[in-house]
Amino acid sequence: MGKIIAIANQKGGVGKTTTAVNVAASMAATKRKVLLIDLDPQGNATMGSGVDKYSVENTCYELLIEEKPVEEVLIKETSGKYDLIAGNSDITAAEIKLMEVFAREVRLRNALAPVKNYYDYIFIDCPPSLNQLTVNAMAAADSVLVPMQCEYYALEGLTALMDTIKKLASVVNPQLKIEGVLRTMYDPRNRLANDVSEQLKRHFGDQVYRTVIPRNVRLAEAPSFGAPAMYYDKSSTGAKAYLALAGEILRRSKSNNLANTN
């Protein structure tokens, strides 16, 4: 059974796209079949995968609005060794057109149904807002991975996001779960970051990943070279952290599967 994970946070600048690209590449490096869906009109995950968002023929627009099958919109040659459904500014038009179509909340779920079990993991990079695109991602996903910075307003924002996810789950996807909370751009020398990190662990317990993504210049540089960090500089602390995160996600999935079968 394939697993669909939406990577979401209503707050921008928390490392959402960096996480989407690098966790997809890290999972692909463990020989899993991986699909990354760029559902953000900014198209940063597409560019970070070594694909030119300006010249790409098919995007999530064709998938959601024209209802082209996944096989027709897939890009197989990416720098991260995973499959990609690209995103660019066309997706803004898709969001508007979704308001007019029947069963608009489940367009993405229905589109992915034929290929879900072909992939081990499907990651969805969501836009930094709660709109029809994010609702589609939540309706299609099995779980939500929430990247966040350990800063002053983060806890309040995270509590609001969790409430939003619960409300969405009750309406469009009762099976939706929290995959985990990921601390990004982490600087252990920062006292506030450490304080917020401790509060996070107290509030959310096991939902907080043990893996922490450090503030790392190589992670910031890699997108401008059109590659995930592990192919830009595999020895960097950022690349190693995302490999560790992939391992943690796999271990959690294995233990959850074992718990469900017992």
Side-chain angles (χ1 to χ4, degrees), residues 4-27 36-40 42 44-45 48 121 123-131 133-135 137-138 141-169 176-220 222-223 228-229 237-249 252:
I4 302 176
I5 300 176
I7 299 173
N9 194 325
Q10 289 156 284
K11 191 175 185 300
V14 296
K16 183 175 54 61
T17 297
T18 299
T19 296
V21 167
N22 285 286
V23 77
S26 297
M27 278 293 186
L36 174 61
I37 300 172
D38 188 356
L39 209 56
D40 189 338
Q42 295 176 85
N44 291 336
Y121 283 91
F123 294 101
I124 307 171
D125 184 26
C126 298
S129 58
L130 185 61
N131 56 23
L133 298 170
T134 307
V135 170
M138 299 290 181
D142 298 300
S143 58
V144 185
L145 191 160
V146 183
M148 61 162 292
Q149 282 182 264
C150 292
E151 55 185 28
Y152 187 68
Y153 292 114
L155 275 177
E156 187 180 348
L158 183 62
T159 304
L161 178 64
M162 294 296 194
D163 288 342
T164 301
I165 291 169
K166 281 178 187 169
K167 285 172 186 168
L168 271 177
L176 188 67
K177 297 179 174 64
I178 301 297
E179 180 70 24
V181 177
L182 177 67
R183 292 163 287 172
T184 60
M185 304 181 211
Y186 191 77
D187 184 352
R189 298 166 299 179
N190 185 318
R191 183 178 167 185
L192 177 62
N194 288 319
D195 288 347
V196 173
S197 179
E198 287 306 312
Q199 288 182 56
L200 264 180
K201 287 189 277 190
R202 279 201 299 274
H203 276 79
F204 297 99
D206 290 342
Q207 288 184 323
V208 180
Y209 288 111
R210 291 181 184 175
T211 305
V212 175
I213 308 301
R215 193 174 285 280
N216 177 242
V217 70
R218 291 291 187 257
L219 280 177
T237 55
K240 289 176 180 175
Y242 277 109
L243 274 169
L245 175 65
E248 188 171 355
I249 291 170
R252 282 191 180 194

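Along the sequence shown, residues carry numbers from 1.
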Taken to the nearest 0.5 Å, the spacing of Met185 CE from Cys150 SG works out to 11.0 Å
The reported gap from NZ in Lys166 to CG in Leu161 (rounded to nearest 0.5 angstrom) is 11.0 Å
Looking only at the side chains, is there a donor atom on one of Asn44 and Thr17 sitting less than 3.5 Å from an acceptor on the other? no
Q) Taking side chain as C-beta onward, heavy atoms only, is Thr19 less than 4.5 Å from Tyr242? A) yes
- Is the CG atom of Asp163 crowded by more than 12 outside heavy atoms at less than 6.0 Å? yes
Sidechain-backbone polar pair: Thr164 side chain, Ala160 backbone, donor-acceptor under 3.5 Å: yes
Less than 4.0 Å between a side-chain N and a carboxylate O, is that true for Glu248 and Arg252? yes
With no hydrogens and no angle check, is any side-chain donor or acceptor of Thr134 less than 3.5 Å from a backbone partner on Ser129?
yes
To the nearest 0.5 Å, atom CG of Leu133 lies from atom CG of Leu39 at 4.5 Å
* Kindly indicate whether the side chain of Arg183, heavy atoms from C-beta on, has any atom under 4.5 Å from the side chain of Val196. => no
Using a 3.5 Å distance criterion without hydrogens, assess whether the side chain of Asn194 forms a donor-acceptor pair with backbone atoms of Pro188.
yes
dist Thr18:OG1 -> Ile213:CD1 (nearest 0.5 Å) comes out at 10.0 Å
| Given side chains that start at C-beta, do those of Ile7 and Glu179 come closer than 4.5 Å, heavy atoms only? | no
Ser143 side-chain N/O to Lys177 backbone N/O, donor-acceptor pair under 3.5 Å: no
Under a 3.5 Å distance rule, please check whether Asn22 uses its side chain to pair with a backbone N or O of Pro228 as donor and acceptor. no
Practice item. For the pair Ser26 (side chain) and Ala246 (backbone), establish whether a donor and an acceptor sit closer than 3.5 Å, ignoring hydrogens and angles. Key: no
Do Lys201 and Arg210 come within less than 4.5 Å of each other through their side chains, counting heavy atoms only? no
In the structure I gave you, are the side-chain heavy atoms of Tyr121 and Ile249 within less than 4.5 Å of one another anywhere?
yes
_Within the 4.5 Å heavy-atom criterion, are Val208 and Arg202 side-chain neighbours or not?_
no
Notebook entry, point to check: Does a salt bridge link Lys16 with Asp125, judged by any charged N lying under 4.0 Å from a carboxylate O?
Noted result: yes
Interatomic distance, CG@Asp187 vs CZ@Arg189, rounded to 0.5 Å, equals 4.0 Å
